[in-house]
S.K.: 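This is the structure I have questions about; it appears just below.
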Number of protein chains: 2
Amino acid sequence: MSMPRTIDEIDLQILHILQEKARIPNAEVSRQVGMAPSAVLERIRKLEEHGIIEGYEVRLNPVAFAQGLAAFLFIEVDPAGNGQLGERLSLVAGVQEVHQVAGPDGYLVKLRAADTGELGRILREEIQHFPGVRATRTQIVLNTVKETRRIDLDVQDEAEP
Amino acid sequence: MSMPRTIDEIDLQILHILQEKARIPNAEVSRQVGMAPSAVLERIRKLEEHGIIEGYEVRLNPVAFAQGLAAFLFIEVDPAGNGQLGERLSLVAGVQEVHQVAGPDGYLVKLRAADTGELGRILREEIQHFPGVRATRTQIVLNTVKETRRIDLDVQDEAEP
DNA sequence: CAATCAAGAGAATATTGTTCTGTTATTATG
DNA sequence: CATAATAACAGAACAATATTCTCTTGATTG
């Protein structure tokens with residue numbers, strides 16, 4: 001039996017194209033990488049099966065949905081930590097990211113709201129009452145220089161998840 | 001002259017479908033919202049033209065590209081602020097987000113690296129030498145509970161950008 | 001009450017997605 | 001070694017989709 005092939009140059013080309021514009025037609029990708037559509041399709045399917053491609057997303061303009069304000073919260077937790085806190089935080093309206101972090105211990109939360117009024121309300125009326133929350137530090141985003149999920153496709157090793 | 005229509009229920013349905021799975025065929029979207037493909041295509045194009053849809057992205061597994069470690073840096077800046085710092089930070093390998101924040105003033109940076117060794121190297125050999133950097137605080141992500149860019153499509157008002 | 005325009009249905013056609021088959025190169029395996 | 005198994009791909013065939021066009025409708029406006 002032979003191994004299922006690792007990520008090669010052509011895979012990287014395909015992924016690079018998809019990172020630029022994920023809704024591009026398969027036939028167009030084939031043209032750009034110089035292979036038959038069937039071959040490209042097979043590669044993309046394998047990348048999906050192996051969990052290297054996790055999904056495809058549309059990027060929406062937050063301003064158009066009254067979510068123009070971004071903020072990061074650092075939430076310091078009680079020593080007798082509540083295990084459900086992360087889950088509860090992730091359900092709050094506008095919360096896009098919840099990470100458990102070290103140094104110092106706590107949660108880092110990224111959220112979006114319409115304005116500072118709404119942000120304050122969420123903090124005061126929701127998050128600060130969650131059990132396990134000892135203190136919160138809020139950092140409001142004044143200006144976003146970069147915001148992406150792209151991965152540099154040159155420095156890669158491969159490893160199946 | 002009549003106005004170019006605001007975001008309505010059908011637009012929200014379409015955007016919701018695309019947020020789930022952006023590479024879904026147009027014809028399938030039409031079926032799900034009960035409209036002709038031509039009509040859905042026109043709507044999607046307008047959403048793109050108006051900047052409500054900003055683009056389509058593939059989501060890759062960071063582990064497959066030796067970017068399994070995530071960290072947030074808070075970078076405190078010199079009072080005599082250097083205007084280029086944000087740009088420089090955004091060019092560092094692995095950096096996915098750079099936000100200028102208030103309270104206290106500085107930059108919040110999200111970056112990915114293979115491991116703590118590489119992270120340390122980036123901090124020591126690159127970021128800490130950038131002019132304008134006074135101090136950095138590093139928070140390493142132990143566990144990510146949620147990480148998305150989706151927007152809740154129910155609480156929306158509409159507003160063209 | 002036309003004239004104008006946005007919005008969409010439906011048909012026509014260009015293009016693409018997907019499956020299938022055959023070929024080649026590579027790798028196990030007896 | 002020989003040969004069986006497998007991965008990877010091209011190319012063709014067909015199914016499905018994307019896209020354009022035309023026509024209709026309903027709303028708005030001068």
Side-chain angles (χ1 to χ4, degrees), chain A residues 1-61 64-65 153 156-161, chain B residues 1-61 64-65 153 156-161:
Chain A
M1 209 217 298
S2 74
M3 284 301 294
R5 195 176 51 66
T6 58
I7 298 177
D8 66 10
E9 270 305 317
I10 293 176
D11 289 320
L12 291 179
Q13 280 186 54
I14 292 171
L15 294 175
H16 185 78
I17 293 166
L18 292 179
Q19 281 203 138
E20 296 292 330
K21 189 164 177 298
R23 253 174 97 78
I24 196 172
N26 218 342
E28 179 58 28
V29 179
S30 337
R31 253 173 256 125
Q32 292 191 25
V33 303
M35 291 182 77
S38 53
V40 172
L41 186 67
E42 200 180 331
R43 278 174 179 264
I44 291 179
R45 286 209 176 132
K46 275 180 187 151
L47 291 167
E48 289 169 354
E49 279 166 18
H50 296 168
I52 291 163
I53 290 177
E54 295 182 341
Y56 305 90
E57 285 183 352
V58 63
R59 192 160 14 96
L60 301 182
N61 182 344
F65 300 93
L153 293 179
Q156 90 302 338
D157 308 33
E158 80 295 320
E160 319 275 291
Chain B
M1 210 214 299
S2 74
M3 284 302 295
R5 196 175 51 64
T6 58
I7 299 176
D8 66 11
E9 270 306 316
I10 293 177
D11 289 319
L12 291 179
Q13 279 185 56
I14 293 171
L15 294 175
H16 185 78
I17 292 167
L18 291 179
Q19 282 203 138
E20 296 292 329
K21 189 165 177 295
R23 254 174 95 80
I24 196 172
N26 217 342
E28 178 60 28
V29 180
S30 338
R31 252 173 256 121
Q32 291 190 27
V33 303
M35 290 181 80
S38 53
V40 172
L41 187 66
E42 199 180 331
R43 277 172 178 265
I44 290 179
R45 286 208 176 134
K46 276 183 185 149
L47 290 167
E48 288 168 355
E49 279 166 18
H50 295 167
I52 292 163
I53 290 177
E54 294 182 342
Y56 305 91
E57 285 183 354
V58 63
R59 193 162 11 99
L60 301 181
N61 182 343
F65 300 93
L153 293 179
Q156 91 303 335
D157 308 33
E158 82 295 322
E160 320 273 292

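Excluded from the calculations below are hydrogen atoms, water molecules and symmetry mates; all remaining heavy atoms, backbone and side chain alike, are included.
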S.K.: Kindly say if A:Lys46 contacts the phosphate of D:dA7, meaning a side-chain N or O under 4.0 Å from OP1 or OP2.
M.R.: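 It does not, given that no N or O in the side chain of A:Lys46 lies less than 4.0 Å from OP1 or OP2 of D:dA7.
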S.K.: Going through the checks in order, is the side chain to side chain donor-acceptor pair (under 3.5 Å) test met by A:Gln13 and A:Glu9?
M.R.: CA-CA 6 Å; A:Gln13 280 186 54; A:Glu9 270 305 317; 5.2 Å; no
S.K.: Measuring from atom CG of A:Asn26 to atom CZ of A:Arg31, what distance do you get when rounded to the nearest 0.5 angstrom?
M.R.: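 Answer rounded to 0.5 Å: 10.5 Å.
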S.K.: Between A:Lys46 and A:Ile52, does a side-chain contact (heavy atoms from CB on, under 4.5 Å) hold up when you go through it step by step?
M.R.: CA-CA 9 Å; A:Lys46 275 180 187 151; A:Ile52 291 163; over 6 Å; no
S.K.: Expressed as a whole number of angstroms, how long is the span from A:Leu47:CG to D:dA7:P?
M.R.: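 So the CG-P distance, A:Leu47 to D:dA7, works out to 16 Å.
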S.K.: Taking atom CD of B:Glu57 and atom CD of A:Glu57, what is their separation to the nearest 0.5 Å?
M.R.: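 These two atoms lie 7.0 Å from each other.
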S.K.: Between the opening five pairs and the closing five pairs of the helix from C:dC1-D:dG30 to C:dG30-D:dC1, how far apart are the helix axes, to 10°?
M.R.: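 About 30° separates the two local helix axes.
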S.K.: Distances under 3.5 Å between protein N/O atoms and the N/O atoms of nucleotides 22-25 of chain C, please, pair by pair.
M.R.:
none

S.K.: I'd like to check A:Glu48 versus A:Glu54 (side-chain heavy atoms, cut-off strictly below 4.5 Å). Are they in contact?
M.R.: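 A:Glu48 vs A:Glu54: side chains apart.
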S.K.: Within this structure, what is the OH-CG distance for the pair B:Tyr56 and A:Leu18, rounded to the nearest 0.5 Å?
M.R.: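 That separation rounds to 14.5 Å.
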S.K.: Using a 4.0 Å heavy-atom cut-off, write out nucleotides 9-27 of chain D from 5' to 3' as B (base contacted by protein), S (sugar-phosphate only) or - (no contact).
M.R.: BBB-----SSBB-------
S.K.: Nearest 0.5 Å, what's the CZ-NZ distance between A:Arg23 and A:Lys21?
M.R.: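 These two atoms lie 9.0 Å from each other.
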S.K.: Just so I know, are the side chains of A:Ile53 and B:Arg59 near enough to count as touching, which here means a heavy-atom distance under 4.5 Å?
M.R.: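 Not touching, per the 4.5 Å side-chain cut-off.
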S.K.: By the definition side-chain contact (heavy atoms from CB on, under 4.5 Å), identify the one residue from B:Ile7, B:Leu12, B:Ile14, B:Asp11 that meets it with B:Leu153.
M.R.: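 Single side-chain contact (heavy atoms from CB on, under 4.5 Å) partner of B:Leu153 among B:Ile7, B:Leu12, B:Ile14, B:Asp11: B:Leu12.
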S.K.: To the nearest angstrom, how far is A:Ile44 atom CD1 from C:dT19 atom P?
M.R.: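 Spelled out: CD1 on A:Ile44 to P on C:dT19 is 14 Å.
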S.K.: Looking at A:Glu49 and A:Arg45, is any side-chain nitrogen of the basic one under 4.0 Å from a carboxylate oxygen of the acidic one?
M.R.: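 Salt bridge: no.
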